[in-house]
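We number each residue from 1, following the sequence as shown. Quick caveat: nothing in here was measured; it's all calculated off a predicted structure.
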Amino acid sequence: MTEHPTSSYERPQPGADPAEARGALLRTPKPNGTSALPAQARADGPPSGPGTTAPCGKGNKGKEPPVNGPEHSQPASTETDNHRPRPAPEAIPPQPGAEEEKTPGGQERRTGRGLPPGRPMPMRRDGDRLRFVGAATRRIARGIDLDEIVMGLCRATVPTFSDAILVYLRDPLPVGDERPTGPVVLRLRRTDRIPDERDTEGLLLPPFPEPEPEQSALSELSSLTTELCEVRPGGALNEVLRGVRPVFADAPAARAALPELLGEGGEAVVPGGQHAILAPLRGRRRVIGAALFLRRPERLAFEADDLLVAAQLATHSALGIDKAVLYGREAYIADELQRTMLPETLPRPTGVRLASRYLPAAETARVGGDWYDAIPLPGSRVALVVGDVMGHSMTSAAIMGQLRTTAQTLAGLDLPPQEVLHHLDEQAQRLGTDRMATCLYAVYDPVTHRITIANAGHPPPVLLHLGGRAEVLRVPPGAPIGVGGVDFEAVELDAPAGATLLLYTDGLVESRLRDVWTGIEQLRERLAATAQLTGPDHPPPLEALCDEVLDMLGPGDRDDDIALLAARFDGIAPSDVAYWTLDPEETAPGQARRLARRALARWDLEELTDSVELLVSEVVTNAVRYASRPVTLRLLRTDVLRCEVGDDVPQLPRLRQARATDEGGRGLYLVNRLARRWGATRLSTGKVVWFELNRA
């Protein structure tokens, strides 16, 4: 996303020039305007006095050895410097000789306030540039995401190194080893400039003179530069980017490339001479953008050594942008992995209401090994699962996904809870010797108001009764999944209507500040206190209860991921259940129709009689045709009317299109057309075919 030019102000560190501002406006004052960059002097030279003229540009012959080439820095000075000021940590370093740089009138030569025009002092020594590059790269390296890194580059260079900067990045940015297809497009990502109205101390400066007519283009840089630029193969801009090294704007290659980068009319905003540097931004494998550093015409031009500074800034910024893009891609993959591993929505089974929460251990590591699940089972039952794989990494999340898929498959086979944990233990051992996890598996039956629970080294669940009493259920702890060779034990407990079962992972109750049993007791007390607020006859709202539970976490309690699953047991009243057993005989369908008709009359649902009789007759006929043991028929009256027919044949029926000459094969077709929804589930003793009808 492109950030449009704006202006802001930030008080600079000691030694910095006018305040930083984010924006794209670049004014060009008349030659007698006030200098905007802090003047600098050599710390190892004599203090400046009245009439002293500071050397600038290339007028330092005899003072410093010349540069041997673009890849070599200047040799260190042999003079002793006992009064060099220490740079401010993590900021733009103060300029040398600042203590002595005073004019006779008491005005500072370092800031340029009150000085005659045209006398700013550049960073002349290698030490000045090295300190600046060190501080600037540290500021760039502090950024984590893309915007922070680009902002760090802008704020580190303006105003100390340049008066304005334009940063272009590829759109879209390539990630890792990806080979982008299509043309290379650069987008103006951010601009920054020196504000015209403030000085280094935050005070108002005299306004710049109005620009001459021929200079008016410089006052509105953002309106004259294009936001998108396509790099043409073989063009001048492409050649500069391929060269990687920064170049002055007056170089032949840059003069041809700038119109392509800035667009029509944008070339006019670039000052003449060596007052601009175009620096390609190269990442690990390819050029990902460009940075344009600008100085005002009255400022001293860039020197050859400034190309090395621009190269360092561009390299650090490009590598940081590469890392930010890779980090963003990994964070996206982590979020997608976590979303696919956890259920997007919870089911709405009959007789129970569900709510859940998941909190990662940290925002920077949103993937963990904690999971929860709710799986509808035959007979209106529901399986409640919560587990915790050791660790909170991508590997833990992958193992969690495999165990969750295995648990769903085992639940579909309607195995007892202890058998489910046994098979999960075997699966964990197949995944690896160090794949450890804890898990709690519970099956709730709303008809019998009972719950069966098996535990594999997981914290025990807490049951909140309707009257406000919170109880930690006594469930055999068992060994964690992955240990191997351990038997798991299941217990069956009452689940009264109005009670709430809370399943959670250890991140909720255990931290560096408390042990697990202390946390469980605090959780029990929190649940009891919350229930007292709603009275003895009304349970607390389920979603609000989950939020109250998470509020018990203190600032230092987030050491691990947290998965929370709350189940409110409403149950199904016995008066809303009708159950029969039918012998596998030819008279069974007729008997099923009569029993269903009586039940509907008792429930005042006579308007459904015709549909129910037809569908029950078809399903029972199919069951009797192949069954060798008695067939079960059950009707459940909840918000819908549910019919379940069970037999001892494990083969599931399949919907097919009957031909005109077929005598049968239309029973499931009628069920599919008339029922709200239907399905078939395999049991350990056979199967159950069910369908639902909307109540009028």
Working for side-chain contact (heavy atoms from CB on, under 4.5 Å), residues Glu492 and Thr452: CA-CA 4 Å; Glu492 188 174 352; Thr452 305; 3.8 Å; yes
Audit row: Glu426, His422, side chain to side chain donor-acceptor pair (under 3.5 Å) steps and yes/no: CA-CA 7 Å; Glu426 292 180 341; His422 174 72; 3.1 Å; yes
side-chain contact (heavy atoms from CB on, under 4.5 Å) evaluation trace for Met341 with Leu403: CA-CA 10 Å; Met341 294 304 177; Leu403 294 180; over 6 Å; no
From CA spacing to verdict: side-chain contact (heavy atoms from CB on, under 4.5 Å), Val577, Arg634: CA-CA 7 Å; Val577 180; Arg634 186 167 71 170; 4.0 Å; yes
Audit row: Arg594, Gln591, side chain to side chain donor-acceptor pair (under 3.5 Å) steps and yes/no: CA-CA 5 Å; Arg594 291 191 298 271; Gln591 184 181 2; 5.4 Å; no
Residue pair Asp647, Tyr626: steps toward the side-chain contact (heavy atoms from CB on, under 4.5 Å) verdict: CA-CA 9 Å; Asp647 58 60; Tyr626 304 104; over 6 Å; no
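Ionic pairing of Arg695 and Asp639 is not present here: no N-O contact between side-chain nitrogen and carboxylate oxygen is shorter than 4.0 angstrom. Under the 4.0 Å criterion applied to side-chain N and carboxylate O atoms, Arg677 and Glu692 are assigned as salt-bridge partners. Ionic pairing of Asp171 and Arg189 is not present here: no N-O contact between side-chain nitrogen and carboxylate oxygen is shorter than 4.0 angstrom.
Asp648 pairs by the salt bridge (Lys or Arg N to Asp or Glu O under 4.0 Å) definition with nothing, not counting sequence neighbours. Partners of Gln402 under the side chain to side chain donor-acceptor pair (under 3.5 Å) rule, at least two apart in sequence or in another chain, do not exist in this structure.
In this structure, SG in Cys546 is found 4.5 Å from CG in Leu564, a value given to the nearest 0.5 Å. Note: Leu523 CG to Glu521 CD = 9.5 Å, rounded to the nearest 0.5 Å. The line from CZ of Arg673 to CG of Leu668 is 14.0 Å long, rounded to the nearest 0.5 Å. The distance from atom CG of Leu464 to atom CG of Leu502, rounded to the nearest 0.5 Å, is 8.5 Å. Here the straight-line distance linking atom OG1 of Thr350 with atom CG of Asp570 works out to 10.5 Å at 0.5 Å rounding. Rounded to the nearest 0.5 angstrom, Asp576 CG and Arg642 CZ are separated by 14.5 Å.
Looking at Glu419 and Leu410, their side chains never come closer than 4.5 Å, going by heavy atoms from C-beta outward. For the pair Cys439 and Val385, the minimum side-chain heavy-atom distance is below 4.5 Å. For the pair Val619/Cys643, no side-chain contact is recorded, criterion being any heavy-atom separation below 4.5 Å from C-beta on. Side chains of Leu473 and Leu501 form a contact here, defined as non-hydrogen atoms less than 4.5 Å apart. Proximity of Phe488 to Val420: side-chain heavy atoms (C-beta onward) are nowhere separated by under 4.5 Å. Annotation: side chain of Leu169 is in contact with side chain of Leu146 (closest heavy-atom distance under 4.5 Å). When side chains are defined from C-beta on, Val447 counts as touching Leu636, because their heavy atoms get closer than 4.5 Å. Between Pro653 and Val689, some side-chain heavy-atom pair lies under the 4.5 Å cut-off.
Closest non-hydrogen pair, Trp678 versus Phe691, comes out as CB-CB, 3.8 Å. For Met552 against Gly519, the heavy-atom pair with the smallest separation is CE-O, 4.1 Å. Contact record, Ala374 with Leu354: CB-CD1, 3.4 Å, taken as the closest heavy-atom pair. Ala411 and Leu377 get closest at one heavy-atom pair: O-CD2, 3.3 Å. Between Leu527 and Leu545, the shortest heavy-atom contact is CD2-CD1, 3.7 Å. Closest non-hydrogen pair, Ser611 versus Leu693, comes out as CB-CD1, 4.2 Å.
Applying the side-chain hydrogen bond (donor to acceptor under 3.5 Å, both in side chains) test between Asp414 and each of Arg682, Lys687, Arg381 identifies Arg381 as the sole match. Tested against Leu440, the residues Val386, Leu421, Leu565 include a single side chain to side chain contact (heavy atoms under 4.5 Å, CB included) partner, Val386.
Summarising the local packing, CG of Asp487 is surrounded by 12 or fewer heavy atoms from other residues, nucleotides or ligands at distances under 6.0 Å. Atom CZ of Arg348 has 12 or fewer heavy atoms from other residues, nucleotides or ligands within 6.0 Å. For Asp547, the CG atom sits in a packed shell: over 12 heavy atoms of surrounding residues, nucleotides or ligands are nearer than 6.0 Å. The environment of Ile144 atom CD1 is sparse: at most 12 non-hydrogen atoms of other residues, nucleotides or ligands sit within 6.0 angstrom. Enclosure of atom CD in Glu586 is not indicated, since only 12 or fewer non-hydrogen atoms of other residues, nucleotides or ligands lie within 6.0 angstrom.
Checked by atom type and distance alone, the side chain of Thr438 never pairs as donor or acceptor with a backbone atom of Pro480 at under 3.5 Å. At least one donor-acceptor pair closer than 3.5 Å links the side chain of Arg357 to the backbone N or O of Glu543. Judged by distance alone, the side chain of Asp494 and the main-chain N or O of Pro496 form no donor-acceptor pair under 3.5 Å. Of the possible polar contacts, none joining the Tyr372 side chain to the Thr505 backbone as a donor-acceptor pair under 3.5 Å is found. For the pair Asp425 (side chain) and Ile481 (backbone), a donor-acceptor distance under 3.5 Å is absent. Judged by distance alone, with hydrogens and angles left aside, the side-chain atoms of Trp371 form no donor-acceptor pair with the main-chain N or O of Ala563 at under 3.5 Å. Without hydrogens or angle criteria, Ser617 side chain to Leu614 main chain gives no donor-acceptor distance under 3.5 Å.
Note: Tyr504 and His458 have tilted aromatic rings, judged against thresholds of 30 and 60 degrees for the angle between ring planes.
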